[in-house]
Each structure stands twice: as C-alpha cells, then as structure tokens.
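Here's the structure, in structure tokens; my notes come after.
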Amino acid sequence: MRQKLFSALAGIGIALGMGAIILVLEGRQPLDVYGALVALSLGDIDKLAITLKNAVPLVLTGLSASLAFASGPVNLGQPGQFLMGALAVTLIGISVDLPAPLMVPLLLAAAMLGGALWAGAAALLRHAFNMSEFIVTLMLNSVAELFTAWLITIGGPLAEAGALSPRSPAIAAGGRLGEIGPFNISIAVMALAAVAIGYVFYRTRAGYEWRIAGQNTLFARLGGCPVDRNFFIVMLASGALAGLAGGLLVMSGPYRFIRGIGANYAWDGVMIAVVANSALGATVLYGVFFAALQTGALGMELLTAVPSEFIQVLQAVIVLVSVAGRGYLSALLDRLTLRRLNRPSPNSS
Amino acid sequence: MRIVIGLLNGTLAGATPVLLAALGGAFTFYAGVFNIAMEGMLLVGAFCAALGSFFSGSWLVGVLCAVAGSVLLSLLFILFAIMLKTDEFVTGIALNLFAAGATTYLLRQLFGVRGAFTDPGIQAIPRVDIPVVSQIPLAGEVLSGQNLIVYGAALAVLGCAWLVFRTPFGLRLRAAGYNAASLESSGVRPARVRVMALLLCGVLCGLGGAFLSLGYVRLFAEGMSAGRGWIALAAVILVNGNPWGVALIALLFGLADGAGLLAQGLGVPAQFTGMLPYLATLIALFVYARRKQRAG
C-alpha cells in the first residue's frame, strides 16, 4: 500500500517536473504557474467547493470506466452514456414538474436509466451477436453525440424556442440542485454513488464475482459464476454511473442541455480509470486531483497567461509517466526491498 | 450520372484517411501489438501538416512534417509499450489524450486561435491529372484528378499486401504476432519487428493525417480526426489485418461518408448523415460477427 502510494506520488512528481521543463522552455516561471494552479483550485473553501463540483462528472465517469475495466467489459462509451443521461434528465425535467423531494430522485433515476440503456444496447449486441463492446461503445459515442446535437439544434425538436444558441429549455425548478453552504448538492450525490458502488464491488458476493471475472474470466466461469449475466449487469451499472454524471451536470449547472455539454469530459473518465489502475478508491482521488487541475487552469490563465490548454498536455503526461512508472518503479522497489532483507543483520552470526 | 460521380469522388476522399490509418494498423495487428493510437497519430499528422505547410509555404514540407509528427508518436509508443513494457491499451489511450491536448495547446500557442486554424498560406496537396485516363468520359472524372494522397493510398494497399505476404520481413511480421516465441528461437527479435511495424504505422497515419488537413479540406480543426482512427481500428479487427479486406472496409466507410454528403444535399439533417459511417461500421461488425458465429 505504501509502495503504491509512493509510486503514484512519484509519477505525479515526475510529470509535474516535465511540465515545469515545458514552461521554462517557454520562458515562464513554473513555480508561479503551479502556485496559481493550487491557489485557484484549493486556496479557500469556496474554491474547494468549485473544485469538488467540477470533480463530480470526472469521478463518476472515472468510476464507470474503472468498474467496467476491473470487471472485464471494455466500456469506452462513457461520453455517449454521459450524453444519454443528460438527455434523459432534460426530457423528464422539462415535461414533469414535481416538488423537489420527488423530482430530484426521479431525475437521478432517469439519468442512470438513460446511461444504462445506452450501455445496455452495446451489452445486448455483445450478448446476442458477440460484437466486441469495445468498438460498439466507441461507435455509439459518435451516434449519441450527433443525435443529441440534432435534438437541440436551432429549430430542432428539443430546442428552446427563440434561443440564439443550440440549447434545450430549462428543467423545472424542483429538479435543480442548489448549494448547502458553498457546496453543491451534486457532490453529496456523487459521494453516495461512490460509496454504494464501492460497497457492492468490494463487500458483496456480486462484486466478488465481478472482480474475479475481471482478473480471469475462465476461472470465474469454472468457479460457477454466471459470467454472461455479470457482464450485462456490470455494463448496465457502468452506464448508469456515466449517465448519472451527465444528469448531475445538467441538474447542478446550466439546468438544460446545451451544445458540447459533455465535450470536456469525453475521455477523462477512461483517463482517470487508467491512471488509477481501475481501483475505485484511487479513481475518486484522481478524479478530484484532475478536477483541481482543470479548475485551477482557468485561473492560471488569468494570472500567468499560460493557456488553460496546458493542463490537457499535463494530464496526458501524468497518465503516461505514472502508468509507465508504476510497473518500472514497483519492480525497482521490490529489488531494493529484497536487497535490504538479504543483507545480513548485524545481530546475527 | 453526375450524382454517381459525385458519390464516387466523395467515397474515395472519405476512404483515404481511414484506409491509410487502417493499413498502418494492419502492420501492428500482424506484429501482435494492440495499437489503438491511430486516432492520435492521424490528429498529430493533420496538425503537423497544416503547421509545416503554413510556415514553409510548401505542401511537401507539410506532408513530411505530418509523417515526422506521427512517427514521433510511434516512438513514444515504442518507448512506453515496448521498452518500458507499459500496457499497450493504456499507452494508446494516453497517447490519444496527449495528441488531443498537445494539438489544442499548440494551436493556441503558435497561432493564437481556438477551435480551427485556417489561413490562405496553407498550401494544399495538389490534385493529379493522369494524361490519357482523364480523357475517358465519366470514368476519367473519378480515376483522374484525385488528390495525390488518394493515389498514394491505393499504392499503399499494393505495397502493404506485397510487404506482408511476399517478403521475409512480412513473414517475420506475421510470426511476431502469431508465435513470438518461435520467431525468437529462429534468431529474430520480435521487439525489433514490432518497432518496425509501429514506425510504418506512424508513416501511414502521418500521410492520412496530412490528407485530412491538406487534401480533404485546407485547415486544421481541433479533434478533426473525428473517430477515423477508431474506425480504422475496427476495420483492422474485422478483417484480421488483411490489406485487401482493409481496403474494402475503408471504401465502405467512404461510401457511407459520400452518401451522407449526398443526402445532406437532399435536406437530411447533417447530424444524421454524419452518423452513417459509424452505423456502417456497426453493420460491418454485425455481419462479421454473424459470419463467425455461423462458422463456429
């Protein structure tokens, strides 16, 4: 555990170092830039609240990917499932008007259902025709993106009348998530979802079967696990998490479907799952970490004139270095530990 | 008749980048590398092509820059996946992210724009008129006057098939994927063959990327590879890397692309016509899976 933490921190450290080199080459002060990044994402309680709110879609799409990868299915459809969750919330939100205690659970369920159905379509194709979910989910991403873009395009069936930019009407007031203090309620929903999926995954028999199947499908099958059914359930749960991310984004932010709503989170979920090595706890931590980077990026641009796109490069470097370093470093640490243990202790002999 | 010629020209233009990326993917597929970085390679290729063409005023420099940029991504893949033994899937995902981030960042840094960069200074890759062929009525309008890269892609299919099936290198390439241990025991290092395959993939994806920004249109837009690398990957997996099969799938994709443009002219919303290539890929996957199910 300590070793894992060490190699994760080392990976981030090396990546930040490489980022600093890029900044120096461009004639900037890396310490100022990183300082601004931290100050504007974690500097005080209000900024922390914004970072956590921005972490909601990252953590949930990350959990979606981690859950799938760790259980076997290669679900790369988070962007599409995210959009379908957002769409479901928008559809229900503009056509139903209930008081908040009923409306919020209804919309959350709709978000999860939207994402789960989109992932379920891929799972069904895999189940019935053995079509690789890896490619199907990818193709469905593009289909979902174009379909939702068509719905809200000006003059489209879901477009707000008279709007100048492509967007849907706003959802009913009962479905909007406000703030408790500085913290948006969507953060609590995210935490609840993370705890729930963590509990199922690590503490129940179903989760045990998923994990076994993720490590060795054949072993799971021979051990009597219903591998096909579990595949289906995992795909649905994974889609539901991504859909929830999209739904929460609509409910806590613009309260409507706007163009490009999921564009910023397209690959972030997969990215976070990959860095976290598909461990759910690490996924949450990395999700918050990347949210802090992205939140700080905008402020960094204001303070130091470094374009916020720099963070995209930095993120990719962090992914590459920490994943490559993980294998390399743990081998190195193992060897060092071995050498220490083999060294004859002064008390013996 | 005009419609058919338009459709065929659209098909060729749509198929070319996918074909080049898929041929590159075929090399890595045969070599036993799970390479999903074609999307990023195309994007970097497209960016570097626009960059080189803009600063030098020559499309040839643009194409060379595209190849260099794309090969750079190959080298990163080699460094991480082959030398440091990082998981290939993870490396591919990270490189795709890196490509998207780096091109967006550089677009902003070098040209000070967001979204798309277009400038009259970007030189397009020329179209080639073939002397006699262009005189043939109707057929001449399709066979002649295409972009240079389109002809290059057609030649690349022949070259790829020849290289894979008729040369010692091709034999080693296939052996690296089929049975790396026995290749190793015959004195050839599989890692070296894989490095070659990845470099070839980089070159081909660079050409495909150059076609995107200097042939298809004359600008660079963020994320302009738009899933073509993924479709190329699907094509490679569908036909197990066979270059002729890859060409067929790429043409199918191009046809869907061309038909989309045509339907758009008839008033179908662009979003739906835009779905056609992805749906076509799904259908191809379906047909393939059914055939396999029956055979099995």
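Not measured: the values here are computed from a predicted model. A, B, ... follow the sequence lines: proteins, then strands. Residue 1 opens every chain.
The most heavy-atom pairs under 4.5 Å with chain B, out of A/T153, A/I135, A/V319, come from A/I135. Most heavy-atom pairs under 4.5 Å with chain B, from the set A/M271, A/M139, A/Q312, A/Q315: that is A/M139. Residue with the most contacts toward chain A among B/Y105, B/F98, B/W230: B/Y105 (heavy-atom pairs, distance under 4.5 Å). Ranked by non-hydrogen atom pairs under 4.5 Å with chain B, the options A/L138, A/V323, A/N130 are led by A/L138.
Not one N or O on the side chain of B/S74 forms a donor-acceptor pair closer than 3.5 Å with the backbone of B/L199. A donor-acceptor pair is defined here as one N or O able to donate and one able to accept, closer than 3.5 Å; no such pair exists between the side chain of A/T304 and the backbone of A/V33. In this structure, A/R126 contributes its side chain and A/M131 its backbone to no donor-acceptor pair below 3.5 Å.
Of the N and O atoms on the side chains of A/T283 and A/S66, at least one donor lies less than 3.5 Å from an acceptor on the other residue. A side-chain donor from one of A/D268 and A/Q294 sits under 3.5 Å from a side-chain acceptor of the other. In the model, A/S238 has a side-chain atom that pairs as donor or acceptor with a side-chain atom of A/N75 under 3.5 Å. Donor-acceptor pairing under 3.5 Å is lacking for the side chains of A/T61 and A/Q78. Counting only N and O atoms by type, the side chains of A/S168 and A/E160 include no donor and acceptor under 3.5 Å apart.
Heavy atoms of A/I311 lying under 4.5 Å from chain B are absent altogether. Proximity to chain B (any heavy atom under 4.5 Å) is shown, for A/A122, by neither the backbone nor the side chain. If you measure heavy-atom distances from B/L76 to chain A, you find no contacts under 4.5 Å at all. Neither the backbone nor the side chain of B/Y288 has a heavy atom closer than 4.5 Å to any heavy atom of chain A. Proximity to chain B is limited to the side chain of A/E26, based on heavy atoms less than 4.5 angstrom apart. Contacts between A/F134 and chain B at a heavy-atom distance below 4.5 Å involve the side chain alone, from C-beta outward. For a residue to count as touching a neighbouring chain, one of its non-hydrogen atoms must lie under 4.5 Å from one of that chain's; by this rule A/L320 touches chain B with backbone and side chain alike. Contact annotation for A/V274: only side-chain heavy atoms (C-beta onward) come within less than 4.5 Å of a heavy atom of chain B. In this structure, chain B has a heavy atom under 4.5 Å from the side chain of A/V74, while its backbone stays farther away.
In this structure, B/F47 has its ring center no closer than 6.0 Å to that of B/F117.
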How far apart are the C-alpha atoms of B/F111 and B/F54, what are their side-chain angles, what is the distance that settles it, and do they pass the side-chain contact (heavy atoms from CB on, under 4.5 Å) test? CA-CA 11 Å; B/F111 305 117; B/F54 173 72; 3.6 Å; yes
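With rounding to the nearest 0.5 angstrom, the CG atom of B/L43 is 7.0 Å from the CD atom of B/E39.
Taking a cutoff of 4.0 Å between a charged side-chain nitrogen and a carboxylate oxygen, A/E301 and B/R108 qualify as a salt bridge. Between B/R114 and A/E309, at least one side-chain N (NZ, or NE/NH1/NH2) sits under 4.0 Å from a carboxylate O, which counts as a salt bridge.
In the displayed structure, B/F34 atom CZ is contacted under 6.0 Å by more than 12 heavy atoms of other residues, nucleotides or ligands.
Residues of residues 15-29 of chain B lying under 4.5 angstrom from chain A, judged on non-hydrogen atoms, do not exist here. Residues of residues 256-272 of chain B lying under 4.5 angstrom from chain A, judged on non-hydrogen atoms, are B/P269, B/Q271, B/F272 in numerical order. Using a 4.5 Å cut-off between non-hydrogen atoms, the part of residues 237-254 of chain B that approaches chain A consists of B/I237. Proximity to chain A at a heavy-atom threshold of 4.5 Å picks out B/Y278, B/L279, B/T281, B/L282, B/L285, B/F286 from residues 276-286 of chain B, in numerical order.
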